[in-house]
Amino acid sequence: MASTATTQHDVIIVGAGFSGIFLLYSLRKLGFSCRIYEAGNNIGGTWQTNIYPGVRVDTESWHYQFSMPEVWEDWSWSEKYPSGEEIRRYFAHIEKKLKIKKDVEFQTRVVGAQFEREMSRWRIETEDGRVTESQFLVACPGSIEKRYTPDFPGLNKFKGGIYHSSRWPREGVDIKGKKVAVIGTGCSGIQIIQEVAKEADTLTVFQRTPNLAMPMRQIQILESEQKFAKVLYPHLFRDRGRNLTGNTAEFIPKRTFDASPEERRARLEDNWKEGGFVPLLGGYADFLMDPEANREVYDFWASKTRARIHDPRKRDILAPLDPPFPIAAKRSCLEANYYEVFNQSNVHLVNVREDPVVEFQPYGIATSSGAFHELDAVVLATGFDAVTGSLTNMGLRNTEGKPLKEEWEDGAQTYLGLTINGYPNMFHVYGVHGPTGFSNGPTSIEMQGRLIIDAIQRMRANGLAYVEATPEAAVAWTRKADEIANATLLPKADSWYMGANIPGKKRQMLNFVGGLPMYEQLCTEALSKWDGFRLESLAN
Ligand code: N01
């Protein structure tokens with residue numbers, strides 16, 4: 001195909017969230033000509049689209065940040081778990097320090113891209129009709145970019161406001177005195193519910209599966225504490241990459257039932273007092289493998305949580321005696337007063353497993369029991385076509401012209417959670433078969449970013465035109481991701497980790513769940529020898 005491109009770069013990066021920023025900043029320093037194409041109009045990725053009330057980071061702020069001293073040395077977090085507003089200020093600070101925006105083209109959506117072997121170049125098409133050529137394409141669209149709205153009958157007949165959690169109006173929504181429904185109780189739903197309950201006349205929550213939410217135990221951080229923390233930051237950033245999930249909480253290297261009942265109880269209580277994800281990630285190492293060990297953690301969670309809910313009916317729906325799935329096999333949310341919200345007399349709870357939505361009507365929702373819920377506004381906190389959706393939604397085609405969307409209908413395949421066969425010189429970050437959903441974002445993003453940057457530099461040094469994952473390597477890595485997951489209880493839940501939240505989507509583990517140290521080791525070994533890659537040298 002003849003080239004009509006007007007713009008040429010070494011690297012095109014898609015998306016200006018943590019991943020895109022890290023790649024751009026690092027590659028630019030090494031002298032590569034790079035641009036970010038970003039569909040939105042600011043840097044910050046998911047934190048610019050998810051601006052719903054109550055949005056908050058649920059990882060400790062000292063971990064949820066870049067490790068570059070030029071960013072952290074004069075930035076202070078005010079809370080252990082920062083609000084969306086604070087994280088948006090953090091991105092403004094990043095801009096001040098790293099000057100990212102001068103190399104970002106905003107409101108530039110990638111709608112097609114294909115690698116041309118003869119030229120060893122990517123041709124990237126954007127919505128505005130332009131074509132750009134580059135040697136490398138780095139896809140950083142995030143894992144929750146493509147929102148999911150269930151096909152509820154009559155949805156478009158509803159005369160009130162309908163708001164998906166990831167498309168909240170910038171000008172806000174006046175909830176005061178309104179009859180509001182929230183459908184979905186994932187992390188977005190739980191954060192929204194706690195805020196909406198403060199102002200709505202009535203709040204009706206439609207729950208399909210309980211979220212086994214953990215106590216957040218928020219802490220305000222004093223400036224003096226920040227100063228002290230910064231002394232520790234270099235150690236913390238080194239150590240977070242050695243931790244399974246990129247945080248600090250460590251599993252106890254012991255099987256649950258090797259500990260006495262008293263020891264186990266004391267551990268559960270201590271972890272509960274600490275809160276956050278410590279009750280899960282600071283537990284015994286086998287709790288995600290052994291159903292009985294998992295049940296013990298669930299029973300403890302249920303006893304603590306049930307005690308907070310007054311109404312027995314709501315108690316059984318929110319925190320049933322029998323686990324709806326193995327605890328931690330779906331993403332738990334951190335909450336401050338989620339369960340107390342249901343003690344308010346104006347907060348209603350519909351269990352859609354027993355009483356499903358029949359249809360939306362102009363002024364409310366009818367359910368199968370014959371109930372009608374009168375409403376002014378509905379919040380759809382119904383999640384995303386997570387992990388794969390953002391990649392299959394940007395018009396990527398393999399070297400033969402076949403869309404990735406079609407190729408992955410029977411399941412996604414990647415090599416190292418970084419590359420795809422048929423997509424030479426393309427890398428993806430924080431996506432399919434990487435540590436993604438099981439990692440602290442900035443930790444795994446920096447790890448994957450360093451692996452990619454090293455690979456690109458070695459390609460240049462060794463005169464390689466392109467590298468491409470072999471089909472065999474992709475099959476083997478995909479199988480490995482499944483095998484590691486199959487040794488755990490994770491496949492037993494219908495989660496977005498497994499692609500099971502989207503009707504018709506192939507059920508498979510979409511993340512690498514072996515932990516960051518193993519991930520880094522496997523990738524480093526393979527990339528250093530180009531194991532599993534086909535190499536093409538530059539023509540002399
Ligand atoms: O989406 P979800 P999310 N009828 O898919 C329900 C990250 N995040 O936006 O569980 C009724 O988790 C669905 O029910 P079920 C975080 O990684 C982080 O909340 O499938 N209900 C579920 O309850 C998170 O995991 C933060 O049975 C329906 C909900 O909708 C990820 O983003 C904050 C339904 C969807 O939950 C996604 O979270 C927010 C239907 N037809 C998000 N279809 C942080 O704090 C779906 N549901 C960093």
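Order of listing sets the numbers, starting from 1, for every ligand and every atom in it. Everything numeric in this text was worked out from a predicted model, so none of it was measured. Heads up: numbering here begins at 1 and tracks the sequence.
Qualifying salt bridge (Lys or Arg N to Asp or Glu O under 4.0 Å) partners for Glu409, counting only residues two or more places apart in sequence or in other chains: none. By the salt bridge (Lys or Arg N to Asp or Glu O under 4.0 Å) test, Glu85 is found to be paired with Arg89, residues two or more places apart in sequence or in another chain being considered.
Between Tyr52 and ligand 1 there is a heavy-atom distance shorter than 4.0 Å. For the pair Phe206 and ligand 1, no heavy-atom separation below 4.0 Å is found. Using 4.0 Å as the threshold, Tyr81 has no heavy atom nearer than that to any atom of ligand 1. Not a single heavy atom of Arg147 sits less than 4.0 Å from an atom of ligand 1. For the pair Trp47 and ligand 1, a heavy-atom separation below 4.0 Å is found.
In terms of polar-atom proximity, Trp496 is counted as a contact of ligand 1, with an N or O under 3.5 Å from an N or O of the ligand.
Interface atoms of ligand 1 facing Phe384, defined by a heavy-atom separation under 4.0 Å, are 9 (O).
Considering Gly383, Ala381, Ala386 only, the shortest heavy-atom separation from atom 29 (C) of ligand 1 involves Ala381. Proximity annotation for atom 28 (C) of ligand 1: of Lys330, Arg208, Arg56, Gln207, Arg208 comes nearest, heavy atoms only.
Two rings, from Trp47 and Phe91, have their centers 6.0 Å or more apart.
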